[in-house]
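Model, not experiment: these values are computed from the prediction.
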Amino acid sequence: VQLQASGGGLVQAGASLRLSCAATGRTFRSYVIGWFRQAPGKEREFVARISRIGDSTAYADSVEDRFTISRDNAKNTAYLQMKSLNPEDTAVYLCAGGFYSGASHSDEYAYWGQGTLVTVSS
């Protein structure tokens with residue numbers, strides 16, 4: 001599977017943004033999808049993940065109640081709806097596909113797309 005994240009941009013603090021993760025191939029529904037982010041000079045960190053059929057989700061504490069992950073297997077696309085953005089959310093956001101339902105570490109994901117940059121100004 002090949003993944004491509006999109007939807008990033010420059011927004012002001014408090015704004016909302018929706019990222020998309022589009023996949024090619026017919027096996028999208030076979031993968032757990034995770035969102036990660038990496039800010040300049042920092043390690044890549046887990047943001048959220050969603051199960052293969054979308055019935056289970058998990059979030060990092062820092063985004064809980066502000067971000068929502070979802071997926072549409074018919075469209076081979078996953079989403080990350082972000083609201084109440086703050087400057088600390090500034091990072092390159094990447095989506096990844098993996099096989100482990102509880103995966104929250106980047107090493108547990110096998111497929112990665114190019115990221116999309118989110119910049120939140122104060």
Side-chain angles (χ1 to χ4, degrees):
V1 66
Q2 292 185 324
L3 304 171
Q4 179 64 56
S6 63
L10 172 62
V11 297
Q12 291 187 333
S16 297
L17 206 58
R18 189 178 79 158
L19 305 182
S20 298
C21 175
T24 58
R26 298 181 179 180
T27 60
F28 178 71
R29 65 180 66 239
S30 300
Y31 300 96
V32 172
I33 297 297
W35 281 98
F36 289 77
R37 66 186 182 186
Q38 188 162 16
K42 295 186 177 181
E43 293 187 354
R44 186 172 297 180
E45 66 171 345
F46 169 77
V47 175
R49 70 169 178 268
I50 188 166
S51 61
R52 292 172 179 80
I53 61 172
D55 61 339
S56 176
T57 58
Y59 299 90
D61 290 344
S62 59
V63 306
E64 185 83 62
D65 297 328
R66 297 190 299 122
F67 290 13
T68 302
I69 189 171
S70 62
R71 67 190 297 164
D72 185 339
N73 285 342
K75 296 182 178 179
N76 281 5
T77 304
Y79 305 96
L80 185 68
Q81 178 68 51
M82 308 183 294
K83 66 178 183 180
S84 301
L85 286 163
N86 58 63
E88 289 70 38
D89 295 316
T90 295
V92 173
Y93 284 72
L94 308 101
C95 60
F99 301 102
Y100 305 110
S101 59
S104 59
H105 193 278
S106 57
D107 288 350
E108 297 174 302
Y109 287 84
Y111 302 96
W112 291 84
Q114 292 186 339
T116 185
L117 177 62
V118 173
T119 303
V120 185
S121 63
S122 57

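- Annotation: salt bridge (Lys or Arg N to Asp or Glu O under 4.0 Å) contacts of Glu45 (sequence neighbours excluded): Arg37.
- Here the CG atom belonging to Leu19 is positioned 12.5 Å from the OG1 atom belonging to Thr77, to the nearest 0.5 angstrom.
- Nearest heavy atom pair, residue Ala23 against residue Val1, reads CB-CG2, 3.8 Å.
- The CZ atom of Phe28 sits 6.0 Å away from the SG atom of Cys21 when rounded to the nearest 0.5 Å.
- A search for side-chain contact (heavy atoms from CB on, under 4.5 Å) contacts involving Ala13 returns Pro87, Val120, not counting sequence neighbours.
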Show your reasoning for whether side chain to side chain contact (heavy atoms under 4.5 Å, CB included) applies to Tyr79 and Asp72. CA-CA 8 Å; Tyr79 305 96; Asp72 185 339; 4.2 Å; yes

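- Heavy-atom contacts from other residues, nucleotides or ligands closer than 6.0 Å to CD of Glu43 number 12 or fewer.
- Taking the ring centroids of Phe99 and Tyr31, they lie under the 6.0 Å cut-off.
- Between atom CG of residue Leu94 and atom CD of residue Gln4 there is a gap of 10.0 Å, rounded to the nearest 0.5 Å.
- Residues satisfying the salt bridge (Lys or Arg N to Asp or Glu O under 4.0 Å) criterion with Arg18, sequence neighbours excluded, are absent altogether.
- Atom CZ in Arg44 sits 9.5 Å away from atom CG in Asp107 (nearest 0.5 Å).
- Between Phe46 and Phe36, the two ring planes are perpendicular [angle over 60°; tilted spans 30° to 60°].
- Between Ala39 and Ala91 the shortest heavy-atom distance is N-CB, 3.8 Å.
- Note that the SG atom of Cys95 and the OH atom of Tyr109 stand 11.0 Å from one another [nearest 0.5 Å].
- When all heavy atoms of Ser84 and Arg66 are compared, the pair lying nearest together is O-NH1, 3.0 Å.
- Ile69 is linked by a side-chain contact (heavy atoms from CB on, under 4.5 Å) to Trp35, Ala48, Ile50, Thr57, Tyr59, Leu80, counting only residues two or more places apart in sequence or in another chain.
- Qualifying salt bridge (Lys or Arg N to Asp or Glu O under 4.0 Å) partners for Arg71, counting only residues two or more places apart in sequence or in other chains: none.
- With values rounded to the nearest 0.5 angstrom, Leu3 atom CG is found 12.5 Å from Ser20 atom OG.
- Considering all non-hydrogen atoms of both residues, Arg29 and Arg52 come closest at O-CB, 3.3 Å.
- Leu17 is connected to Tyr93 through a chain of hydrophobic side-chain contacts under 4.5 Å among Ile, Leu, Val, Met, Phe, Trp and Tyr, so both are in one cluster.
- Of all non-hydrogen atoms in Ile33 and Ala78, the two that sit nearest each other are CG2-CB, 3.8 Å.
- By the side-chain contact (heavy atoms from CB on, under 4.5 Å) test, Tyr100 pairs with Ala103, Glu108, sequence neighbours left out.
- Annotation for Val92 and Leu117: closest pair CG2-CD1, 3.9 Å, computed over non-hydrogen atoms.
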